[in-house]
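One structure below.
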Amino acid sequence: MAVFVALGAFLMTLAGGWTAQHVTDRRHLVLGLAGGLMLGVVGLDLLPEALRAAGTEVYGVPAALLLFVAGFLLAHLVERLLAARRASHGAAEHVYTAPPPGRLSRCRAGDRAHPFGPPLARPPDAGAPPRLRDDRAPEVGLTAAAAMVGHSLMDGVAIGASFQVGGGMGTAVALAVIAHDFADGFNTFTLTSLYGNARRKALAMLFADAVAPVAGAAASAFLTVPEALLGGYLGLFGGALLYLAAAEILPEAHHEHPARSTLLCTVAGAAFIWLVVGVTTG
């Protein structure tokens, strides 16, 4: 029964990924919505559940919150290390170098002689700081998507365990998982693509995320995850997810299109998760 119900999560995850894939002409809106969904998932779903499951304290601070901070810092550290590694291997382009006075005409785009480096397709705007090419490491996107898959696997285990407790509890947990798996699929595809991974890799991670709840529900018949361990994992995962939303996705969403519609999409994403949590736990 649990595996059959988990198929709903499978379909909902694919629906979320399909939506993210087919709105590429409104990329800033997609990123804004993804940032809001991730913020809502972390603050309204993952963190409360982590605090409830991992109730122990370490020096007066809940263990789940310590792991939440650790996850945030770990994501930042991994991203910086990978970006530095790419830069050291020549992944970043040269910044714009202003020519000496009187030599500007030799460096205009379209001239054949460029003694000060390769030509730019468009000279930088006056007063604008020089910018490097986007140096995001694809490994960060794959790691984040893999964490989403792990989260979906735990969702499947939760479905299976709740059905072992009783049918009513299983139905409630399944509805909660299925409702927010649309956001999981949306975010998995968006995260993988945002960091420059090929479309086939994004689709592969989306499919893995869709299959994970079914696999977790099937595995729940043979294993039991300690509640404290699950709470710690949710705290760590929530911190990493919040970093990606706040430091990467939302700034990218407002970089090229600082529009009011992008902000509204972010608010709508967080409000959607609030609605889902309220409906499924009320």
Side-chain angles (χ1 to χ4, degrees), residues 7-46 75 79 134 136-153 155 176-214 237-238 240-259 261-277:
L7 290 175
F10 172 85
L11 296 175
M12 189 64 76
T13 302
L14 291 181
W18 183 91
T19 302
Q21 180 183 354
H22 286 81
V23 289
T24 52
D25 56 330
R26 293 290 185 268
R27 183 170 177 267
H28 59 293
L29 299 181
V30 171
L31 294 176
L33 180 62
L37 290 172
M38 292 169 69
L39 177 61
V41 166
V42 171
L44 307 177
D45 185 21
L46 293 182
E79 188 197 32
D134 190 3
R136 287 187 176 89
E139 297 88 347
V140 174
L142 292 175
T143 303
M148 296 292 294
V149 173
H151 170 57
S152 296
L153 183 67
D155 280 346
V177 171
I178 291 172
H180 81 249
D181 268 354
F182 178 88
D184 286 352
F186 191 97
N187 290 333
T188 298
F189 187 88
T190 302
L191 280 170
T192 310
S193 303
L194 177 64
Y195 283 85
N197 290 285
R199 181 173 176 271
R200 60 182 178 81
K201 290 186 178 180
L203 290 175
M205 296 306 299
L206 173 63
F207 184 75
D209 190 44
V211 171
V214 181
F237 172 62
L241 204 61
L242 180 63
Y243 173 80
L244 294 175
E248 294 295 327
I249 289 185
L250 290 178
E252 180 70 15
H254 291 275
H255 177 62
E256 297 292 344
H257 297 275
S261 57
T262 306
L263 179 60
L264 290 176
C265 282
T266 303
V267 175
F272 173 75
I273 298 299
W274 184 21
L275 178 63
V276 168
V277 172

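Here, residue 1 is the first one in the sequence, and each next residue gets the next number.
The OG1 atom of Thr19 sits 7.0 Å away from the CZ atom of Phe186 when rounded to the nearest 0.5 Å. For the atom pair Leu242 CG and Phe237 CZ, the distance stands at 11.5 Å (nearest 0.5 Å). For the atom pair CD (Glu139) and CG (Asn197), the distance works out to 8.0 Å, reported to the nearest 0.5 Å.
Nearest heavy-atom pair across Leu29 and Ser261 is CD2-OG, 3.5 Å.
Counting heavy atoms from C-beta on, the side chains of Met148 and Leu241 come closer than 4.5 Å. Counting heavy atoms from C-beta on, the side chains of Leu33 and Thr266 never come closer than 4.5 Å.
When Leu142, Thr190, Thr143, Leu244 are each tested for a side chain to side chain contact (heavy atoms under 4.5 Å, CB included) with Tyr195, only one passes: Leu244.
Here Trp18 pairs with His22 under the ring pair (Phe, Tyr, Trp, His ring centres under 6.0 Å) rule; sequence neighbours left out.
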Compile the donor-acceptor pairs under 3.5 Å between side chains in residues 201-213 and protein atoms, sequence neighbours left out, one pair per line.
unit_1	atom_1	unit_2	atom_2	d
Asp209	OD1	Ser152	OG	2.5
Asp209	OD2	Thr188	OG1	3.2

